[in-house]
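Please read the structure below before turning to the comments.
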Amino acid sequence: MQDVGALALLPVVIILVVAVLTRRTLFAMLCGTLAGAVLLGGWEFFDSWIGYFGTAMADETLQWLMLVVVLFGILITLFERSGAVREFAAWAERFVNSRRKSTILSFLLSIVLFVDDYLNVLTVGTSMKAVTDRYNVPRTELGTIMKMTAAPIAVIVPFSTWALFFAGLLEAQGVTANGSGFGAYLQAIPFIFFGWIAIAIAALVAFGAFPKLGALKKDVARADATGDVFPAGSTAEEREAEGGLPLNAEVGEFAVSGDDAGRAVAAASAPSTTSTTATATATATAGRAPEYAKPRPWNFLVPIAVMIAVTILTEVDVLKGTVAALIVAIVMYTVQRRLKIKGVLEAAFDGVGSMLFVIVLTALAFMVQHMNIDLHLADWVIEATQPVMNGALLPAMVFLVCGVYAYATGSFWDLAAVITPIVIPLAFAMDVNPIIAGAAVFSGAALGSTTCLYGDGIILASRSTGIKPLNLMTAILPYAAIAAAASLVLYLIVGFAGI
């Protein structure tokens with residue numbers, strides 16, 4: 001373990017700078033891990049890098065996350081190959097018949113799935129992107145609505161994985177109400193300002209009542225002008241791999257389900273015999289979902305419902321929920337002869353392949369986290385900022401430090417576990433309400449999860465929406481920055497008011 005002082009920031013700074021300059025997240029992460037290996041291993045940096053790679057791969061959390069990612073990749077591919085997602089989109093169009101309704105439904109689904117942020121982003125992105133695509137909603141806008149809701153709702157609702165974990169941290173530090181840390185967490189909820197403000201902004205964006213900002217503004221303009229819902233620079237192969245329709249595609253050719261592709265309606269590409277009628281029909285159906293004789297939304301909804309139910313019933317274990325959904329999907333699609341056994345196996349192979357980028361990126365992110373621990377980055381940040389963590393400024397400074405640290409490092413629960421035992425005694429010593437100090441920690445963790453380029457939340461959300469993590473992060477940042485600035489002001493007010 002090395003104590004290199006401010007140089008501990010170097011890997012994180014390199015990652016962010018290289019990512020912005022090259023637009024290549026994986027390359028940026030590799031550069032960051034190499035910088036960390038040099039700081040920790042000196043001339044033996046190669047051995048150091050290999051060692052940290054092994055440490056990351058041995059991390060039980062990473063192993064669990066990789067299993068979730070791989071199995072969900074297979075599930076997504078099965079949805080696409082069987083035609084389940086497209087039929088769901090065709091069915092949903094009967095009720096969701098406008099751009100605003102599609103984004104509102106996306107927001108409401110994110111609220112309903114408060115129990116876990118992983119479950120939230122994986123489910124909402126997978127289920128809604130086919131619907132929002134129909135109304136030229138950029139994938140970055142869908143991702144922004146999802147991510148501005150997922151972690152914030154998880155810290156606001158007391159029956160989520162986040163809330164239960166943070167309640168345990170409070171109780172461990174002797175902060176209780178009615179004899180429990182859960183009671184203290186209930187009192188902290190009104191002061192988790194970032195959570196409340198982020199959800200409010202997400203709702204306004206979904207309802208079309210908040211201005212489009214930054215990268216998202218450009219993506220919306222492109223989508224309105226060209227119909228392309230993917231960020232600029234996305235290739236045709238990326239669109240096809242992520243379930244998007246190629247630009248200027250005919251409607252009929254995408255009414256394909258499973259192995260029996262010959263049943264597709266190809267009227268849109270057939271020669272016209274009555275030009276007037278054909279023109280009128282083409283005009284009426286342009287931009288709409290493919291016409292199915294009888295769309296079967298249950299082929300999509302049943303596996304998703306099983307995943308949600310099993311996840312909740314198994315003490316919020318997303319892995320078990322994903323396995324259950326996968327089993328149900330395979331049984332349904334093979335019984336209906338939508339996919340043959342060979343088709344299922346091919347979908348499984350391709351599903352794993354589609355997640356390779358996510359797997360490698362996640363492994364590198366865990367390497368960075370382990371390197372940060374051995375570089376004593378958290379200790380340096382706390383030592384550097386502790387002089388200004390006093391009295392009325394304590395809640396605001398705790399939120400600022402936690403938010404910036406979480407954004408820069410991809411550590412959220414780890415951050416809270418490290419800094420809460422430091423912040424709570426400080427609050428007691430300075431006669432500051434420890435519940436508000438704890439709420440500031442939890443707000444900062446939610447801010448980091450919402451925005452961190454290589455945090456697991458952004459990685460999973462980008463995969464479920466079919467865009468790159470950097471595109472999603474740059475779209476979210478202006479909205480998260482507004483919520484963070486407003487939260488900081490509120491923590492200053494609360495601190496000086498002595499609440």
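Side chain to side chain, Tyr491 and Ser443 meet the donor-acceptor criterion of an N or O pair below 3.5 Å. Of the N and O atoms on the side chains of Tyr135 and Asn97, not one donor lies less than 3.5 Å from an acceptor on the other residue.
Here Lys147 does not pair with Asp117 in a salt bridge; the nearest charged N to carboxylate O distance is not below 4.0 Å. Ion pair Asp133/Arg139 flagged as a salt bridge, since at least one NZ, NE, NH1 or NH2 atom sits closer than 4.0 Å to an Asp/Glu carboxylate oxygen. Taking a cutoff of 4.0 Å between a charged side-chain nitrogen and a carboxylate oxygen, Glu141 and Lys217 do not qualify as a salt bridge.
Between Pro11 and Thr33, the closest side-chain pair of non-hydrogen atoms is not below 4.5 Å. Contact annotation: the side chain of Ser127 approaches that of Leu109 to within less than 4.5 Å [non-hydrogen atoms, C-beta and beyond]. At least one side-chain heavy atom of Met332 sits less than 4.5 Å from a side-chain heavy atom of Pro303. In this structure, the side chains of Thr126 and Thr465 stay at 4.5 Å or more apart for every pair of heavy atoms. Using a 4.5 Å heavy-atom cutoff, the side chains of Tyr479 and Phe210 are in contact. Side-chain atoms of Leu67 and Val323, non-hydrogen and from C-beta on, never get closer than 4.5 Å to each other. Contact annotation: the side chain of Val155 approaches that of Tyr185 to within less than 4.5 Å [non-hydrogen atoms, C-beta and beyond]. Counting heavy atoms from C-beta outward, Leu393 and Leu492 have side chains that approach closer than 4.5 Å.
At least one donor-acceptor pair under 3.5 Å links the side chain of Trp196 to the backbone N or O of Ile189. For the pair Thr322 (side chain) and Phe72 (backbone), a donor-acceptor distance under 3.5 Å is absent.
When all heavy atoms of Val96 and Val131 are compared, the closest pair comes out as CG1-CG1, 4.1 Å.
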Go through Trp64 and Asp317 one step at a time and tell me if the side chain to side chain contact (heavy atoms under 4.5 Å, CB included) criterion holds. CA-CA 10 Å; Trp64 179 89; Asp317 191 334; 3.4 Å; yes

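Taking the six-membered ring for Trp and thresholds of 30 and 60 degrees, His370 and Phe366 have ring planes inclined between 30 and 60 degrees apart. Taking the six-membered ring where the residue is Trp, Phe166 and Trp162 present perpendicular rings, their angle passing 60° and hence far from 30°.
Ring centroid separation for the pair Phe194 and Phe442 does not come in under the 6.0 Å cut-off.
Once rounded to the nearest 0.5 Å, the distance linking OG of Ser464 with CG of Asn120 reads 9.5 Å. The distance from the CG atom of Asn372 to the CG atom of Leu9 is 9.0 Å, given to the nearest 0.5 Å. Between the CG atom in Leu26 and the CG atom in Leu361 there is a gap of 6.0 Å [rounded to 0.5 Å].
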